[in-house]
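Quick notes on the structure that follows.
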Amino acid sequence: MLKRTHKMNEINDSTVEKTVIINGWVDRIRNLGGIMFMWIRDRYGLVQVIFDPNESVYEQSKCISAEYVVAIKGTVRKRPQDARNPKLASGNVEILVKELEVLSEAKTPPIYTNRQEGNEEARLKYRYLDLRHPSLQQNLIFRHELTQQTRKYLSSLDFLEIETPYLTKSTPEGARDFLVPSRLKKGNFYALPQSPQIFKQLLMISGFDRYYQIVRCFRDENLRADRQPEFTQIDLEMSFVEQADVQNVINGLIKELYENLMNLDVGEIQSMSYSEAMERYGSDKPDTRFSMELHDLTQKVSELDMKFLSPSENEALKFVVVPAGNGFSRKTLDSYVESAKLENLRLGWVKMSNGDFSGGVSKIFKNTNMLKLKDGEIALVCAGKSSKVNEFLGKIRTNLSKELDLIPKNSVKILWIVDFPMFEWNDDENRYQAQHHPFTMPYVEDLEKYPNNLDRIRAHAYDLVINGWELGSGSVRIHRKSLQEKVFKLIGLSETEARERFGFFLEAFEYGAPPHAGFAIGIDRLVAIMRGAQSLRDVIAFPKTTSGTDLMANAPSKISEEQLKELGIRLEVDK
RNA sequence: GGGGACGUGGUGCAGUCUGGUUAGCAUGCCGGUCUGUCACACCGGUGGUCGCGAGUUCGAGCCUCGUCGUCCCCGCCA
């Protein structure tokens with residue numbers, strides 16, 4: 001075969017006059033009757049080749065069609081001045097073909113391989129063809145560079161890359177596990193890890209004081225555009241450190257990735273407490289690229305004359321100002337009022353147009369300047385249980401930011417959300433549970449101050465948020481037995497139960513556990529944000545659909561009776 | 001588990017609200033003309049049991065019910 005001497009990005013002004021061989025796919029053919037042009041594509045780029053009727057190879061060119069794999073030998077030459085293509089990196093030059101070898105013929109592809117369109121179903125079924133799109137290739141190339149940089153950075157800081165098992169034990173609490181039946185121990189199952197959490201903490205106990213892994217995690221939960229059943233994390237854990245040390249490592253990593261891969265200085269990464277985030281943005285992953293913050297009127301209620309909106313004790317009165325409210329229909333506003341009702345909230349709105357207030361609750365605010373409305377703006381005023389009010393207005397804020405296009409393009413806002421609550425109430429099970437996980441270090445001073453008010457106890461747990469996406473989370477871990485026991489007790493877990501659930505893990509802590517803390521970054525999300533991808537599917541080579549299927553491989557699928565028998569499994573569902 | 005949108009030649013879409021002769025457009029593909037194109041252009045042609053099933057009707061791409069699939073959202077994802 002004619003083996004390539006150059007890749008497509010190496011064909012340019014500097015190769016003029018040279019005889020070269022290229023290998024690649026036929027991207028497009030332009031047959032002008034006599035002279036014939038083709039674009040040849042590889043992962044490095046596109047190059048135009050030209051078949052001249054005066055060359056003996058010309059006749060052979062006629063049997064070529066799109067997506068054939070070809071080897072072409074020819075001489076690189078400058079294009080005529082008026083026939084250059086500035087859109088192509090190699091647009092100044094072209095290859096005059098002297099020899100052609102068809103390495104592989106191709107059927108007409110069922111999807112476009114050189115255009116970014118097509119329905120997702122067909123594109124996923126023929127994923128290997130869809131991956132010929134340069135944009136998808138660039139995403140995966142970028143992802144490769146990001147993982148390489150990450151390895152280099154962490155390795156330079158003495159982090160060791162250590163693998164942990166995929167076939168492991170089912171963990172109670174948390175997401176549903178993906179299960180794998182055991183043949184050797186019939187009736188028993190492995191679980192695929194939701195994260196290497198337990199193993200990385202055990203590595204700390206073993207003395208590997210800095211661990212990292214770029215590792216697959218599995219969660220059998222319902223999917224979204226930003227959620228795949230298997231996803232990849234940059235997972236790390238450190239010993240003899242405090243929260244700030246972990247944050248510094250992550251700050252350095254994020255800074256370096258943005259600098260080296262995006263040529264962007266992200267500046268100093270700010271911190272915001274969970275409670276501040278909820279009060280100001282109504283979200284634990286606020287998008288701070290635009291303001292539209294929540295404003296609190298609870299303290300000013302006495303100055304206002306109202307009934308419907310008046311908050312009772314332990315309730316709050318807050319509002320957001322919607323810019324460009326003129327585009328708002330009465331119907332939309334009514335739908336907000338309705339959905340507020342479903343959350344046991346009261347919502348009113350005030351519109352300012354041509355200097356006049358209008359709207360159901362405008363009377364209340366007419367003679368105040370509390371809302372500070374500008375012309376054309378609408379205030380949505382919400383009363384009810386404080387946390388509900390925050391959440392509700394926060395959701396409206398997020399939704400409207402997309403609808404009204406409030407988010408500045410190309411801006412990047414990164415921040416830490418810190419001091420998450422340690423516990424949250426679980427309505428279904430009628431008990432408190434750990435919000436992060438039960439091995440998270442609570443603020444000991446909070447435990448002492450509010451022994452009977454678990455809602456007020458903060459944890460050394462921290463999330464990294466970029467542009468309103470939760471990119472990762474971590475925590476300082478409990479390393480003392482007595483504190484761990486106390487936390488178990490607070491979430492209503494007896495010692496026996498704790499032993500049953502986390503047995504070997506708790507035992508390990510009795511043999512000298514160092515203080516340690518860690519973090520994990522969702523790499524799929526990070527790449528998606530950095531590449532401006534709409535969906536995680538665009539940064540994963542072989543992704544799954546929202547129902548968890550792989551349309552190309554046709555997985556999951558039925559298995560044979562024989563396989564089932566070998567595993568000792570009988571199916572209850574229809575075969 | 002719940003809600004919404006979508007499913008029509010190989011591909012992307014229109015047609016569905018308001019049922020009625022031969023389902024339209026673009027692109028691809030095939031053939032033809034064309035020696036500087038670059039999403040080449042022009043001319044001609046090919047290609048659809050309208051996701052599947054049932055129902056209403058004289059008649060269903062269109063209305064009704066069910067079902068399957070894709071996408072988006074809520075619950076869920078410690």
Side-chain angles (χ1 to χ4, degrees), chain A residues 27-40 46-55 58 65-67 77-88 90-91 94 96 107-126 129-130 171-177 194-195 197-198 217-229 231 339 342-343 391 395 398-399 402 420-424 426-429 432-440 459 461 470 473 475 487 491 501-502 520 522 534-535 537 543-549 551 554:
Chain A
D27 193 77
R28 205 170 270 281
I29 300 170
R30 289 181 292 276
N31 185 347
L32 271 59
I35 202 165
M36 170 146 52
F37 299 101
M38 287 183 194
W39 274 346
I40 311 297
L46 280 176
V47 165
Q48 174 165 282
V49 301
I50 175 167
F51 288 88
D52 191 305
N54 302 321
E55 301 284 338
Y58 182 75
S65 45
E67 299 303 318
R77 67 184 195 194
K78 267 210 150 50
R79 296 198 196 185
Q81 193 69 40
D82 57 348
R84 295 185 177 168
N85 185 349
K87 288 184 208 157
L88 242 53
S90 64
E94 63 195 359
L96 177 66
K107 292 204 284 187
T108 303
I111 59 170
Y112 292 106
T113 53
N114 44 20
R115 280 191 214 186
Q116 196 62 283
E117 42 177 87
N119 83 16
E120 290 239 32
E121 236 166 307
R123 289 173 58 186
L124 286 171
K125 183 172 176 196
Y126 296 98
L129 295 181
D130 203 28
T171 48
E173 305 208 45
R176 292 184 191 90
D177 291 313
Q194 296 170 26
S195 80
Q197 185 63 36
I198 283 181
C217 304
F218 307 86
R219 291 178 194 176
D220 189 5
E221 291 294 343
N222 289 341
L223 307 171
R224 293 279 194 285
D226 61 350
R227 258 192 252 162
Q228 282 273 313
F231 59 96
S339 51
L342 293 175
E343 302 284 336
E391 270 173 51
K395 258 177 201 161
T398 310
N399 292 341
K402 288 165 198 154
F420 272 78
M422 177 73 198
F423 303 104
E424 67 186 355
N426 183 327
D427 258 338
D428 296 334
E429 296 178 30
Y432 276 96
Q433 65 185 30
Q435 186 175 335
H436 190 60
H437 57 62
F439 316 115
T440 305
E470 182 198 319
S473 63
S475 63
V487 168
I491 58 173
R501 292 187 177 193
F502 311 112
Q534 290 305 306
S535 160
R537 290 185 293 277
K544 302 211 170 29
T545 67
T546 29
S547 58
T549 61
L551 293 177
N554 190 26

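Throughout, a chain's letter reflects where its sequence line sits, starting with A, and its residues are numbered from 1.
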To the nearest Å, how far apart are [X] [atom1] and [N] [atom2]?
X	N	atom1	atom2	result
A:N54	B:U35	CG	C1'	9 Å
A:D27	B:U37	CG	P	19 Å
A:R84	B:U37	CZ	C1'	16 Å
A:N426	B:G75	CG	C1'	13 Å
A:I35	B:C40	CD1	P	15 Å
A:Q228	B:U70	CD	P	12 Å
A:N399	B:C74	CG	C1'	11 Å
A:L32	B:A41	CG	C1'	8 Å

Quick one: is [N] close enough that its OP1 or OP2 comes under 4.0 Å of any side-chain N or O from [X]?
X	N	result
A:R537	B:C72	yes
A:R219	B:C76	no
A:R79	B:C38	no
A:T545	B:U70	yes
A:T549	B:U70	yes
A:K87	B:A39	yes
A:R30	B:U37	no

Report which part of the nucleic acid [X] touches: base, sugar-phosphate, or nothing (heavy-atom distance under 4.0 Å, all strands).
X	answer
A:K395	sugar-phosphate
A:E424	sugar-phosphate
A:S547	sugar-phosphate
A:P80	base
A:T440	nothing
A:L88	nothing
A:A83	base
A:D220	nothing

*asked:* For B:G36, does the base pair up with any side-chain atom of A:R77 as donor and acceptor (N or O, under 3.5 Å, distance only)?
replied: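 Looking at the base of B:G36, it does pair with a donor or acceptor on the side chain of A:R77 (distance under 3.5 Å).
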
*asked:* With a 3.5 Å cut-off and heavy atoms only, can you find an N or O donor on one side and an acceptor on the other between the side chain of A:R227 and the base of B:C76?
replied: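 Under the 3.5 Å cut-off, the side chain and the base do form a donor-acceptor pair.
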
*Those residues that, when tested against A:Y432, pass ring-ring contact (aromatic ring centres under 6.0 Å, His included) (two or more places apart)*: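 In terms of ring-ring contact (aromatic ring centres under 6.0 Å, His included), with neighbours along the sequence ignored, A:Y432 is linked to A:W425.
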
*Classify every nucleotide of nucleotides 1-7 of chain B by which part a protein heavy atom approaches to under 4.0 Å, writing B for the base, S for the sugar-phosphate alone and - for neither, in 5'-to-3' order.*
B------

*Using the P atom as the reference point in each nucleotide, state the distance between B:A14 and B:C25 in Å, no decimals.*
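It comes out at 16 Å once rounded to the nearest Å.
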
*Could you tell me which residues satisfy side chain to side chain contact (heavy atoms under 4.5 Å, CB included) with A:P543, sequence neighbours excluded, listed by chain and number?*
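Result, side chain to side chain contact (heavy atoms under 4.5 Å, CB included) vs A:P543: A:L124, A:R127, A:Q228, A:R537, A:I540.
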
*Starting at the 5' end of RNA chain B, which residue's closest nucleotide do you reach first, A:F37 or A:P109?*
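Here A:P109 is the residue nearer the 5' end.
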
